[in-house]
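Reading through the structure tokens given below for one structure.
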Amino acid sequence: MGYPVIMIHGMWCTGANWARMRALMEPRGYDCHAVSLPAHEPGPGGQAAAVGAKSLRDYLAFLEDYVAQQNFREPPIIIGHSMGGLLAQQLASRINALALVLLTPAPPAGIFAFSLANLIAFWRALLRWGFWRKPHKPSFGRAVVSAFNGVPATQHRRTYEGLVYESGRALFEIGLWQIDFGKASRVDTSSVRCPVYVVSAGKDKLVPASVVRKVAALYPQVSQRVYPERGHWVIEDEDTEEMVTGICGWLRPFEQRIVRAKKP
């Protein structure tokens, strides 16, 4: 088996959204685990009803349990996109990870997340009374403008049809951490001791590059890659293959250290 990789998806997604990244990484020798977060797959009573009040804490507990059950022989590489990038930081602070890769990551508590662009993207959800316990999902048009910009138009409908409803509570915990007394989006950054690689996109309308730079600044051991012309959906656009090649090249020296340490 290849080196283990935990892939954590973002809002409205499932593990299936990592298909492109998996197809690029697995032939390079990685054992990719693209899990779906709780209530992100169809189930009894409907997916939307099940996910509405899920907390980031529920997602993190699920991920910790999943990693523990795998009993990996090597510390895993953790890759997270968007909300999954925040969860990836939290997971890396709690387990022994080889490396942490953050793709246009949502910020932890302490970093102001909102901008005009993402307020436009989320305003319908935010204006619903009790949104913090209700599911939400963007319209097709809003997803195209705010999330899929930079993705070929021929992929828009297929990608949208694969999206699911997301938790209003998770949106509250990320965007309004100032009044979330449980601080569910907090990350103990001092406990993230592995190398960190951060990707930002200059035309990202959900997590602007200025916000991602603040996330990167939390980690002294960080390497950054900025793509000025890309949007938020870096997991499946025209530059995904080049991005994966860069990530794998960055990872190799850390993997080789593990191999050398095992030699008698």
**Message:** With rounding to the nearest 0.5 angstrom, report the CG to NE2 distance, Asp31 to His33.
**Reply:** 3.5 Å
**Item:** Considering all heavy atoms, the nearest Ser190-Asp188 contact
**Value:** OG-OD1, 2.7 Å
**Donor-acceptor under 3.5 Å (Glu236 side chain, Val151 main chain)** = no
**Asked** Under a single-linkage definition using a 4.5 Å side-chain heavy-atom cutoff for Ile, Leu, Val, Met, Phe, Trp and Tyr, are Val35 and Val67 assigned to the same hydrophobic cluster?
**Response** yes
**Request:** Output the distance between atom OH (Tyr3) and atom CE (Met25), rounded to the nearest 0.5 Å.
**Result:** 12.0 Å
**Request:** For residues Tyr219 and Val198, determine if any side-chain heavy atom of one lies less than 4.5 Å from a side-chain heavy atom of the other.
**Result:** no
**Prompt:** Just by distance, do the side chain of Asn118 and the backbone of Ala113 share a donor-acceptor pair under 3.5 Å?
**Reply:** yes
**Prompt:** Does Thr240 reach the main-chain N or O of Val234 with its side chain, forming a donor-acceptor pair under 3.5 Å?
**Reply:** yes
**Message:** Counting C-beta onward and ignoring hydrogens, is there a side-chain heavy-atom pair between Gln221 and Arg193 closer than 4.5 Å?
**Reply:** no
**Asked** Side-chain heavy atoms under 4.5 angstrom apart, residues restricted to Ile, Leu, Val, Met, Phe, Trp, Tyr: same cluster for Leu176 and Leu87?
**Response** yes
**Request:** Would you kindly say whether Trp233 and Thr159 are connected by a side-chain donor-acceptor distance under 3.5 Å?
**Result:** no
**Request:** Indicate yes or no for a side-chain donor-acceptor contact from Arg28 to the backbone of Leu24 under 3.5 Å, with no hydrogens or angles considered.
**Result:** yes
**Message:** Heavy-atom count check: over 12 atoms from other residues, nucleotides or ligands less than 6.0 Å from Glu238 CD?
**Reply:** no
**Message:** Is there a path of hydrophobic side-chain contacts, each under 4.5 Å between heavy atoms, that joins Ile235 and Val164?
**Reply:** no
**Asked** Between the side chain of Lys134 and the main-chain N/O of Trp129, is any donor-acceptor distance below 3.5 Å?
**Response** yes
**Asked** Between the side chain of Glu173 and the main-chain N/O of Arg186, is any donor-acceptor distance below 3.5 Å?
**Response** no
**Message:** Quick check for you: to the nearest 0.5 Å, what is the distance between Trp250 atom CH2 and Glu255 atom CD?
**Reply:** 10.0 Å
**Asked** Does Arg158 pair with Glu161 as a salt bridge, N-O distance under 4.0 Å?
**Response** no
**Prompt:** Does a side-chain heavy-atom distance below 4.5 Å link Ile6 with Ile77?
**Reply:** no
**Asked** In this structure, are over 12 heavy atoms from other groups packed under 6.0 Å from Tyr197 atom OH?
**Response** yes
**Prompt:** Is Met21 close to Leu103 at the side-chain level, that is, under 4.5 Å between some pair of heavy atoms?
**Reply:** yes
**Request:** For the pair Asn149 (side chain) and Lys203 (backbone), establish whether a donor and an acceptor sit closer than 3.5 Å, ignoring hydrogens and angles.
**Result:** yes
**Prompt:** Between OG of Ser185 and CG of Leu60, what distance do you get to the nearest 0.5 Å?
**Reply:** 11.5 Å
**Message:** What verdict does the side chain to side chain contact (heavy atoms under 4.5 Å, CB included) test give for Met83 and Leu37, after you've listed the backbone C-alpha separation in whole Å, the side-chain angles of each residue and the deciding distance to 0.1 Å?
**Reply:** CA-CA 11 Å; Met83 179 182 73; Leu37 294 172; 3.8 Å; yes
**Asked** Linking I/L/V/M/F/W/Y whenever their side-chain heavy atoms sit closer than 4.5 Å, directly or via other members, would Phe122 and Leu119 fall into one cluster?
**Response** yes
**Asked** Are any side-chain N or O atoms of Ser167 and backbone N or O atoms of Lys54, one a donor and one an acceptor, separated by less than 3.5 Å?
**Response** yes
**Asked** Where do Glu64 and Tyr59 land on the side-chain hydrogen bond (donor to acceptor under 3.5 Å, both in side chains) test, with the steps shown first?
**Response** CA-CA 9 Å; Glu64 285 189 273; Tyr59 297 162; over 6 Å; no
**Request:** Starting from the C-alpha separation in whole Å, work towards a yes-or-no answer on salt bridge (charged side-chain N to carboxylate O under 4.0 Å, His left out) for Glu166 and Lys137.
**Result:** CA-CA 6 Å; Glu166 188 51 72; Lys137 179 182 177 181; over 6 Å; no
**Request:** Kindly compute the distance separating CD1 (Ile174) from CD1 (Ile111), expressed to the nearest 0.5 Å.
**Result:** 12.5 Å
**Asked** Taking C-beta and beyond as the side chain, do His156 and Tyr160 meet within less than 4.5 Å on heavy atoms?
**Response** no
**Message:** Ignoring hydrogens, what is the shortest heavy-atom contact between Cys194 and Ala97? Give both atom names and the distance.
**Reply:** CB-O, 3.3 Å
**Request:** Show your working on side chain to side chain contact (heavy atoms under 4.5 Å, CB included) between Arg22 and Val5 and close with a plain yes or no.
**Result:** CA-CA 10 Å; Arg22 290 186 67 175; Val5 179; over 6 Å; no
**Request:** Consider only side-chain N and O atoms of Tyr227 and Arg225, and report whether a donor and an acceptor are under 3.5 Å apart.
**Result:** yes
**Request:** Apply ring pair (Phe, Tyr, Trp, His ring centres under 6.0 Å) to the pair Phe62 and His40, showing each step before the final yes or no.
**Result:** CA-CA 12 Å; Phe62 166 81; His40 281 68; 9.5 Å; no
**For Ala201 against Gly231, the heavy-atom pair lying closest together** = CB-O, 3.3 Å
**Asked** For the atom pair OG (Ser223) and CD1 (Ile247), what is the distance rounded to the nearest 0.5 Å?
**Response** 11.5 Å
**Asked** Would you say Ile95 and Ile78 make side-chain contact, with heavy atoms under 4.5 Å?
**Response** yes
**Asked** Charged N to carboxylate O below 4.0 Å: is that the case for Asp237 and Arg230?
**Response** yes
**Item:** Side-chain heavy atoms of Val211 within contact of Phe114, under 4.5 Å
**Value:** no
**Prompt:** For the side chain of Thr14 and the backbone of Ser36, is there at least one donor-acceptor N/O pair under 3.5 Å apart?
**Reply:** no
**Prompt:** Going through the distances and angles, do Val196 and Leu102 end up as a side chain to side chain contact (heavy atoms under 4.5 Å, CB included)?
**Reply:** CA-CA 8 Å; Val196 181; Leu102 307 176; 4.1 Å; yes
**Prompt:** Is the shortest heavy-atom distance from the side chain of Val215 to the side chain of Pro108 under 4.5 Å?
**Reply:** yes
**Prompt:** What are the two closest heavy atoms between Gln89 and Pro105, and how far apart are they?
**Reply:** NE2-CB, 4.2 Å
**Message:** To check you understand the geometry: which heavy-atom pair defines the closest contact between Phe131 and Ala125, and what is its length?
**Reply:** CB-O, 3.0 Å
**Message:** Test ring pair (Phe, Tyr, Trp, His ring centres under 6.0 Å) on Phe140 and Trp12; report intermediate values, then the result.
**Reply:** CA-CA 12 Å; Phe140 174 70; Trp12 314 306; over 10 Å; no
**Request:** Kindly say whether His232 contributes a backbone atom to a donor-acceptor pair with the side chain of His81 at under 3.5 angstrom?
**Result:** yes
**Asked** Hey, any chance Ile79 and Val226 share a hydrophobic cluster, counting ILVMFWY side chains that come within less than 4.5 Å of each other, even indirectly?
**Response** no
**Prompt:** So, for Gly202 and Ala209, which heavy atoms are closest and what is the spacing to 0.1 Å?
**Reply:** CA-CB, 4.4 Å
**Message:** Could you walk me through whether Val192 and Leu100 satisfy the side chain to side chain contact (heavy atoms under 4.5 Å, CB included) test, starting with their C-alpha distance in whole Å, then the side-chain angles of each, then the deciding distance to 0.1 Å, before giving a yes or no?
**Reply:** CA-CA 9 Å; Val192 179; Leu100 174 62; 4.0 Å; yes
